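These notes are about the structure you will find just below.
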Amino acid sequence: MTLHAGSLTLAHRLTDISATLRPGEVTAICGPNGAGKSTLLACLAGLLVPDSGAMILDAAPLSNLTPQARAQAIGYLPQTPEIAWDVSVATLVSLGRIPWPGAGGEEAVDRALAAMDLEALRHRPVSRLSGGERARALMARVLAGEPKWLLADEPLANLDLAHAARLVAEFRAQAAFGAGVVLVLHDLAQAMNHADRVLVLYGGKLVADGPPGDALSGEVIARVWGVQAHWLGELGGMALALPA
């Protein structure tokens with residue numbers, strides 16, 4: 001089930017962006033502030049309608065899907081999600097099952113809580129969570145829906161080192177099981193070491209698309225971010241060295 005963006009254009013935000021995303025891969029969307037990363041992710045989720053172009057899911061326009069069918073196929077975590085009610089962690093995570101009425105929801109919620117290391121917090125009100133715990137609970141809500149596509153905007157931003165590593169491993173596991181994973185990342189080292197493919201946006205345009213070593217080369221970083229930098233180490237543990 002591919003997810004295809006065809007010539008997406010949205011005034012002052014995106015210009016003629018085309019890309020076909022494949023299941024079984026982790027794709028990172030990178031770029032400087034204001035490049036259009038979050039806008040592109042929202043278009044991929046069907047939450048923003050471009051001025052021109054179309055989103056195609058498995059050969060059918062995404063706009064043709066019912067809201068329930070779209071929610072079953074695509075799980076989306078925005079950069080600044082809101083929680084409307086002070087419910088327990090388990091109740092919050094169970095909201096991810098709304099697109100799937102019927103049996104099996106409890107097991108999916110338990111798996112999501114375990115994946116995000118939240119079993120001990122399942123009965124805690126969300127108002128009593130730290131920022132990182134809250135971020136993990138919101139990610140668990142997406143995982144509980146068991147979508148075919150996981151779209152997350154800066155999912156690692158508020159996590160400590162151990163939980164960031166755990167979430168990266170979860171994304172890799174989801175891809176190994178056949179899901180498509182698309183992440184907006186500012187941390188270029190995370191994208192270099194853990195993504196299969198990187199899309200680089202600059203000024204609302206797609207300026208690089210390919211394996212991390214190509215899309216995040218020193219030349220691309222200098223052109224897009226305006227920083228002379230180089231990579232150190234081996235793939236899987238590479239670090240970006242910045243000028244002093």
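Quantities reported herein were computed from a predicted structural model and do not represent experimental measurements.
For the pair L167 and H163, the minimum side-chain heavy-atom distance is 4.5 Å or more. Side chains of I221 and L240 form a contact here, defined as non-hydrogen atoms less than 4.5 Å apart. At a threshold of 4.5 Å between non-hydrogen side-chain atoms, the residues R141 and L138 count as touching. Proximity of L188 to V198: side-chain heavy atoms (C-beta onward) are nowhere separated by under 4.5 Å. When side chains are defined from C-beta on, V207 counts as touching V224, because their heavy atoms get closer than 4.5 Å. You'll find the side chain of R97 reaches within 4.5 Å of the side chain of E146, heavy atoms only. No side-chain heavy atom of V126 sits less than 4.5 Å from a side-chain heavy atom of R134. By the 4.5 Å heavy-atom criterion applied to side chains, R172 and V26 are counted as neighbours.
In the hydrophobic cluster analysis, where Ile, Leu, Val, Met, Phe, Trp and Tyr join through side-chain heavy atoms closer than 4.5 angstrom, Y202 is grouped apart from I17. A continuous path of Ile, Leu, Val, Met, Phe, Trp and Tyr side chains, each step under 4.5 Å between heavy atoms, connects M192 with V227, placing both in one hydrophobic cluster. Note: the hydrophobic cluster containing V142 also contains W85 (ILVMFWY, side chain heavy atoms under 4.5 Å, direct or indirect links). M238 and W225 fall within the same hydrophobic cluster, where Ile, Leu, Val, Met, Phe, Trp and Tyr residues are linked whenever their side-chain heavy atoms come under 4.5 Å apart, directly or through other members. Under the 4.5 Å side-chain heavy-atom criterion for Ile, Leu, Val, Met, Phe, Trp and Tyr, M55 and V49 are members of distinct hydrophobic clusters.
In this structure, Q228 places its CD atom where only 12 or fewer heavy-atom neighbours from other residues, nucleotides or ligands lie under 6.0 Å away.
Looking at D153 and K37, no side-chain N of the basic residue comes within less than 4.0 Å of a carboxylate O on the acidic one, giving no salt bridge. A salt bridge does not link K205 to D16: none of the charged side-chain nitrogens sits closer than 4.0 Å to a carboxylate oxygen. Ion pair D160/R136 not flagged as a salt bridge, since none of the NZ, NE, NH1 or NH2 atoms sits closer than 4.0 Å to an Asp/Glu carboxylate oxygen.
Contact between A19 and R197 at its shortest, heavy atoms only, is CB-NH2, 3.9 Å. For the pair I56 and P61, the tightest heavy-atom approach, listed with the atom from each and the gap, is CD1-CA, 3.8 Å. Scanning both residues, A215 and V200, for their nearest heavy atoms gives O-CG2, 3.5 Å. Between D51 and A11, the closest heavy-atom pair is OD2-N, 2.7 Å. What you find for I74 and L44 is that their closest heavy atoms are CD1-O, 3.7 Å. Y76 approaches A45 most closely through the heavy-atom pair CD1-CB, 3.8 Å.
From L235, atom CG reaches atom CG of N193 across 6.0 Å, with rounding to the nearest 0.5 Å. Atom CG in L57 sits 11.0 Å away from atom OG in S63 (nearest 0.5 Å). Note that CE of M139 and CE of M116 are 6.5 Å apart. Values are rounded to the nearest 0.5 Å. Taking CZ from R13 and CG from L48, the interatomic distance works out to 5.5 Å, rounded to the nearest 0.5 Å. Expressed to the nearest 0.5 Å, how far NE2 of H230 lies from CG of L242 amounts to 9.5 Å. For the atom pair I29 CD1 and L151 CG, the distance stands at 7.5 Å (nearest 0.5 Å).
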*Evaluate side chain to side chain contact (heavy atoms under 4.5 Å, CB included) for L8 paired with L10, printing each intermediate quantity in order.*
CA-CA 7 Å; L8 298 186; L10 189 59; over 6 Å; no
_Working note: D214 + V220, criterion side chain to side chain contact (heavy atoms under 4.5 Å, CB included); need CA distance, chi angles, decisive distance, verdict._
CA-CA 8 Å; D214 296 336; V220 173; over 6 Å; no
*Run the numbers on L118 and R124 for side chain to side chain contact (heavy atoms under 4.5 Å, CB included), then give the verdict.*
CA-CA 10 Å; L118 291 168; R124 183 175 295 183; over 6 Å; no
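One N or O on the side chain of W100 and one on the backbone of G145 form a donor-acceptor pair closer than 3.5 Å. The backbone N or O of H186 sits less than 3.5 Å from a side-chain atom of E154, completing a donor-acceptor pair. Looking at R166, its side chain does come within 3.5 Å of a backbone N or O of A115 through a donor-acceptor pair. At least one donor-acceptor pair closer than 3.5 Å links the side chain of D86 to the backbone N or O of S127. Under a 3.5 Å cut-off, the side chain of S18 and the backbone N or O of S7 do form a donor-acceptor pair. For W231 (side chain) and L216 (main-chain N/O), a donor-acceptor pair under 3.5 Å exists by modelled atom type.
Just one of V182, L47, L77 meets the side chain to side chain contact (heavy atoms under 4.5 Å, CB included) condition when paired with L41; it is V182. Screening V87, V93, T91 for a side chain to side chain contact (heavy atoms under 4.5 Å, CB included) with V89, the sole residue that qualifies is V93.
Judged by distance alone, the side chains of H4 and T20 do bring a donor and an acceptor atom under 3.5 Å apart.
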